[in-house]
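The chains referred to below are lettered A, B, ... by the order of the sequence lines, with proteins before strands, and numbering in each begins at 1.
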Amino acid sequence: MNAAGFPILSLLTFLPLVGAAAIMMVRGDEAVVASNARWTALWTSLITFVLSLVLWTQFDKSTADYQFVEHLSWMPEFGIAYMMGVDGISVLFVLLATLLTPLCILASWESVRSRVREYMIAFLVLETMMVGMFCALDFMLFYVFFEAVLIPMFLIIGIWGGARRVYASYKFFLYTLLGSVLMLLAIIALWYQAGTTSIPELAEFDIPFGMQVWLFLAFFASFAVKVPMWPVHTWLPDAHVEAPTAGSVILAGVLLKMGAYGFLRFSLPLLPEASLYFAPFIYTLSIVAVVYTSLVALAQQDMKKLIAYSSVAHMGIVTLGIFTFNQQGIEGALFTMLSHGIVSGALFLCVGVLYDREHTREIAHYGGVAKVMPAYALILMLFTMASVALPGTAGFPGEFLVILGAWSVNPWVAFGAALGMVLGAAYMLTLYRRVAFGKITRDSLRALLDVSPREVAIFSPLIALTLWMGIYPQSFLSFFSVTVSQMVQQHQAAIGSAAHLAGI
Amino acid sequence: MNWNLALPELVLALCGLAILLFGVIPKRDMTFPCTMAVIGAFLVTGVLVLGQNEGTAFGGQYVADDFSAFMKLLTLAAAALSLLLALDWNQKEKLSRFEFPVLVLFATVGMMAMISANDLMSLYLGLELLSLPLYVLAAFDRDNPRSAEAGLKYFVLGALASGMLLYGSSLVYGFAGTTNFDRLADALSSAQGVSSGVIVGIVFIIAALAFKIAAVPFHMWTPDVYEGAPTPVTSFFASAPKVATVALLVRILAGPFGDVMAQWQQVIVLTSLGSMVLGAFAAIGQNNIKRLMAYSSIGHVGFTLMGLAVGGESGLRGVLVYMAIYIAMNLGAFAVLIAMRRNGRAVEGVQDLAGLGRTDPAMALAMAIFMFSMAGIPPLAGFFAKLYVLLPAVEQGFWILATVGVLSSVVSAYYYLRIVKVMYFDEALPAFDVRPAGISVVLAGTGFFTLFFFLFPAPLLDAARLAVAAIIG
C-alpha cells in the first residue's frame with residue numbers, strides 16, 4: 001500500500017477527531033471534565049505527533065513523487081476522490097502541524113480556564129483540518145479542509161479571545177471565506193476543463209493562457225488573503241491580538257503557511273505562464289509588504305501586534321521566494337515558512353508567558369524583565385535573533401536563500417528583501433530592549449516568576465529546532481530539494497514550450 | 001382508468017377522513033392520538049409510494065414515476081417531522097386541536113397531487129388543495145392578531161397567485177390547444193415556433209409558482225407570514241410546500257415547456273439572482289429569528305433556482321439534492337426555534353439564544369452545525385448542496401449566476417455567524433425550558449445527516465439521478 005504499510009496519513013488526520021469524540025463523551029463536574037479534557041487532548045496530540053515521526057524516518061528523499069498515497073472513491077461521477085499523499089513540499093508541514101498542536105495544548109494548560117472541554121475539542125478538530133489539508137491530493141478535498149479550518153478557528157478566537165474578539169473573528173472568517181469562494185469557482189472551472197480534481201492529474205493538464213490568468217486571479221484571491229499579502233493583511237493583526245496565545249501560535253505557525261502552500265501546490269505547477277506573467281505584480285506586493293509592514297511594526301505598542309506585522313513581512317519574503325521560480329528561491333521560501341512556523345509560534349508563546357503573569361501585552365508596561373526572569377530573557381533573545389535571521393538560527397538559511405534566488409531574477413528585488421531584514425532587526429531589537437532591559441519601573445514586575453517547568457517543556461523542543469535548523473539546515477532542505485528541482489524543471493519546460501509555440 | 005396508480009394519495013385522503021371522524025367523536029382532547037395516526041398514515045403512504053408502479057392515470061391527468069416518488073418521499077418526511085415538532089408546542093400554546101394534524105395531512109395530499117400532476121388542471125387542483133389548509137394553518141393561533149394577519153395576508157396574496165396561475169393556464173390552453181403536459185410538449189416542439197401567447201402564459205404560471213416558493217419578486221409575504229404564523233406552522237411552510245412546488249416547477253419547465261427553455265430561462269435566472277441577493281442582504285438587519293429564517297429561505301430558493309436555470313441532467317439533479325439537504329438543515333434549525341421557550345413563554349429574538357453554548361451545549365452544537373451548513377462551509381451538507389448546483393452552472397457557463405451565488409453566500413455567512421456568535425460568544429441568559437423528546441429526535445436526526453452527509457453522498461445522488469432521468473427521459 002505504501003512505505004509505512006498502513007494508511008498513515010488518514011490515521012494522522014483523523015486520530016485527533018477520535019480524541020475529540022472521546023472528550024465529548026466525558027461526564028462529571030466541571031473540574032473533572034476540564035482535567036480529563038486536557039489530558040485526553042494532550043495524549044491524543046502526542047500520539048499523533050509520535051506517529052507522524054514515521055513520515056520523518058520513512059520518507060524517501062530521493063524522489064519527487066507523492067508518497068504514502070491513499071486512494072478511495074468518494075464522488076466518482078464527478079471525478080472527485082479521497083486521495084491523500086505527501087511529497088517533499090508538504091511532508092514537513094504535516095510534521096509542523098503535529099508538533100505545534102501538543103505544544104499549544106500545553107501552553108493553554110493553565111491560561112484557558114473556561115469551557116476547557118470545548119477548547120480542546122476545537123483544537124483537535126483544527127489539527128485534523130490542518131493535517132488533512134497538507135495531505136490532500138485532490139483539489140476538492142483540499143478545499144474542504146482549507147475551508148473547514150475556519151470553523152474551529154472562528155470559535156477559538158471568538159470564545160476565548162480578548163476584548164474585541166467578536167470583531168476579529170468575524171473579520172477573519174469573512175475575509176478568508178470571500179477569497180475562498182472565488183477559488184471554489186476556479187476549482188469547478190478547472191474540474192470542468194480537465195474532468196478531474198486530482199492534483200497529480202491536473203499537473204499534467206495544459207490550460208490555455210487566457211484561462212490561466214483568470215484561474216490565477218481566483219487562486220490569488222484565496223491564497224493572498226490567507227498568506228496574508230499586503231494589502232489584504234489587515235485581518236491578521238486583529239486576529240492575532242484577540243486570539244488566545246495558542247490560537248496565535250497555530251495561526252502564525254500553520255494557518256499562514258496554507259496560503260503559501262497553495263501558491264506552491266497549485267498556482268505554480270498548474271498555471272506556469274500566468275505565474276510568470278503575474279510575477280512582477282507579486283514582487284511588488286511582497287516588497288511593499290516587507291518594507292511597509294516592517295515600518296508599521298516599528299510603531300506598535302502591543303507585543304502581539306508587532307509580531308503579527310513581522311509575520312506579514314516574513315510571509316512577504318516567502319511569496320517573493322516562491323515567485324522567483326528558481327531552486328534557491330523556492331527552497332528558501334519553504335525553509336522560511338518552516339522556520340517562521342517555529343520562531344513566530346515561539347515568540348507568541350513568549351508573549352503568552354508574560355501575558356499569563358501580567359495580563360497585558362503593552363510593551364511600555366514592561367522593562368527590565370531580564371533581571372527577574374533571566375531564563376525567560378535568554379529564551380526570548382534566542383527567538384528574537386532567529387526572527388532577525390541571525391546566522392546560526394533558523395531564520396537565516398531561508399531568508400538568505402530567498403535573497404540569493406531573488407538576486408538572479410532582479411537585484412532590486414533582492415535589495416527590497418534585504419531591506420526587510422534590516423528593518424526586521426530594527427523592530428525586533430527595539431522590542432527586546434524595551435521588554436528585557438532597562439530599569440524595572442513597576443513593582444508588580446519585581447515579583448515575576450521565571451519560566452515554570454511546564455513552560456520549559458514547551459520551549460525546549462522549539463529551542464532545539466531553532467538551533468538545529470540554523471546550524472545544520474541540510475537535514476530539512478534535503479526533504480524538499482528533489483521535489484523543488486523537479487518543480488523548477490517542469491516550470492521551465494512549460495514556459496519554454498509556451499514560448500516556443502508563441503514563436504511559431 | 002387505473003385507480004391503483006394513485007393508491008398513495010387515495011389511501012392518505014381516506015386516512016384523513018377517518019382521522020377526522022376519529023378525532024371529532026370522543027369528547028376529550030384527541031390531538032396526540034390524531035397526530036400519531038397522521039404520522040402513521042404518512043409512513044404507510046411512504047411505503048406505498050416506494051412500491052408504486054410507473055405510468056399515467058385518469059386520462060393522462062396523473063403521472064407516477066421516479067421523480068414523483070423522490071419528491072413525495074421528501075414531502076412526506078418533511079411533513080411528518082413538522083408534525084413531530086408541532087406536538088409539544090401546540091400543547092404549551094393551548095393550540096391543541098386535532099384539526100391541526102388533519103389539515104397538515106390534507107395539505108400533504110394536495111402536495112402529492114401537485115407532484116404527480118400531468119395536466120394544468122390537476123396542477124391547479126393540487127395547488128389549491130395545498131393552499132387552503134395552509135391559509136387556515138397560518139391563522140391557527142386565531143386569538144393572536146399577528147397570526148390572524150399572517151393568515152389573511154397569505155390568503156389574499158395566495159388567491160392572487162392562484163388567479164395568475166389560472167390566467168396563465170388559460171392562455172397556454174388557448175394558444176396551444178391542450179392542458180395535458182405530454183400533448184403540450186408535442187405542441188410546443190413544433191418547427192414553426194411558439195406563439196407569444198404561450199410564452200405570456202408560461203410567465204404567468206412561473207410567477208404563480210414563484211409566489212408559492214417565495215422567490216423574488218414574489219417574496220413580500222414571506223417575512224410577515226413566517227413571523228406571524230405559529231412557529232411549527234412556519235417550519236412546515238418552509239419545508240414541505242417548498243419541495244412540492246419546486247418539484248412542480250421542475251416538472252413543467254423541464255417537461256412540457258422544455259422546448260421553449262430559451263424563453264423562460266432568463267426569467268428563472270433573474271429570479272434566482274434576485275432571490276440570492278435579497279436573501280443575503282435583507283436578513284442582515286433582522287432581530288427576529290423567524291424573519292431571519294424567512295430571508296434565509298429566500299436565499300436558498302435562489303440557489304435552488306440556479307440549478308433549474310442551468311437545466312440539463314446535472315442542473316436538475318442539483319435542484320433535487322439541494323432541496324433534500326435544505327429540508328434537513330431547515331427543519332433542524334426550526335426544531336431549535338421551537339425549543340426556544342423560556343419560563344413557559346415562546347421567545348423568538350436572535351438575542352434570546354445568547355449563551356446557549358453554556359446552557360444547552362447539545363442544542364447549541366446542533367444549531368451551529370445547521371448555521372455553518374447553511375452558510376455553505378465544508379464539510380457540512382450545505383456546502384455540497386451548493387457545490388452540486390455550482391458545478392453545472394460553471395459547466396454551462398453561467399458565470400454571473402455562479403459568482404453572484406458564491407458572493408451572496410459570503411454575505412449571508414455574516415448573519416449565520418451572528419447566530420453562532422450569540423450562542424457561543426455572548427453572556428448567557430437563563431436556560432430555556434426543558435426540550436421535549438420529539439424535538440431532540442428531530443435535532444439528532446437532521447444534525448447527523450448534515451454533519452455526516454459528506455461521508456456517504458452516493459445514495460442521495462443516485463436517487464436524485466434516477467428521479468431526474470424520469471422527467472428528462
So which part of [X] gets closer than 4.5 Å to some heavy atom of chain A, the side chain, the backbone, both or neither?
| X | result |
| --- | --- |
| B/Phe383 | side chain |
| B/Arg465 | side chain |
| B/Val411 | neither |
| B/Pro457 | side chain |

Separation of [Y] [atom2] from [X] [atom1] (nearest 0.5 Å):
| X | Y | atom1 | atom2 | value |
| --- | --- | --- | --- | --- |
| B/Phe425 | A/Trp160 | CZ | CH2 | 9.0 Å |
| B/Met423 | A/Leu155 | CE | CG | 9.0 Å |
| A/Ile151 | B/Leu380 | CD1 | CG | 5.0 Å |

Counting heavy-atom pairs closer than 4.5 Å to chain B, which one of A/Glu77, A/Met140, A/Gln193 comes out on top?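 If we count pairs closer than 4.5 Å to chain B, A/Glu77 comes out on top.
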
Are [X] and [Y] side-chain neighbours, meaning at least one heavy-atom pair lies under 4.5 Å?
| X | Y | value |
| --- | --- | --- |
| A/Phe78 | B/Leu461 | yes |
| B/Phe372 | A/Leu150 | no |
| A/Tyr143 | B/Leu387 | no |
| B/Ile377 | A/Phe154 | no |
| B/Arg358 | A/Ser114 | yes |

Go through the structure and list residues passing side-chain contact (heavy atoms from CB on, under 4.5 Å) with B/Asp426, not counting sequence neighbours.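 Partners of B/Asp426 by the side-chain contact (heavy atoms from CB on, under 4.5 Å) criterion, ordered by chain and then number, come out as B/Gln351, B/Ala354, B/Lys421, B/Val422.
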
Please identify each residue that fulfils side-chain contact (heavy atoms from CB on, under 4.5 Å) with B/Ala463, with sequence neighbours left out.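 Listed in chain order: B/Phe70.
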
Search all heavy atoms of B/Pro379 against all heavy atoms of A/Val144 and return the closest pair with its distance.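 Closest heavy-atom pair between B/Pro379 and A/Val144: CB-CG1, 3.7 Å.
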
Any idea which heavy atoms bring B/Gly357 and A/Arg115 closest together, and the distance?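 The pair with the smallest heavy-atom distance is C-NH1, 4.3 Å.
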
Taking 4.5 Å as the heavy-atom cut-off, does anything in residues 302-327 of chain B contact chain A, and if so which residues?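 Within residues 302-327 of chain B, near chain A: B/Arg317.
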
Close approach to chain A in residues 388-404 of chain B, criterion heavy atom under 4.5 Å: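 Expected list: B/Tyr388, B/Leu390, B/Leu391, B/Val394, B/Glu395, B/Trp399, B/Ala402, B/Thr403.
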
Contact class of A/Ser169 relative to chain B, heavy atoms under 4.5 angstrom: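 Side chain only.
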
[X] [atom1]: over 12 foreign heavy atoms closer than 6.0 Å:
| X | atom1 | result |
| --- | --- | --- |
| A/Phe209 | CZ | yes |
| B/Phe448 | CZ | no |
| B/Tyr414 | OH | no |

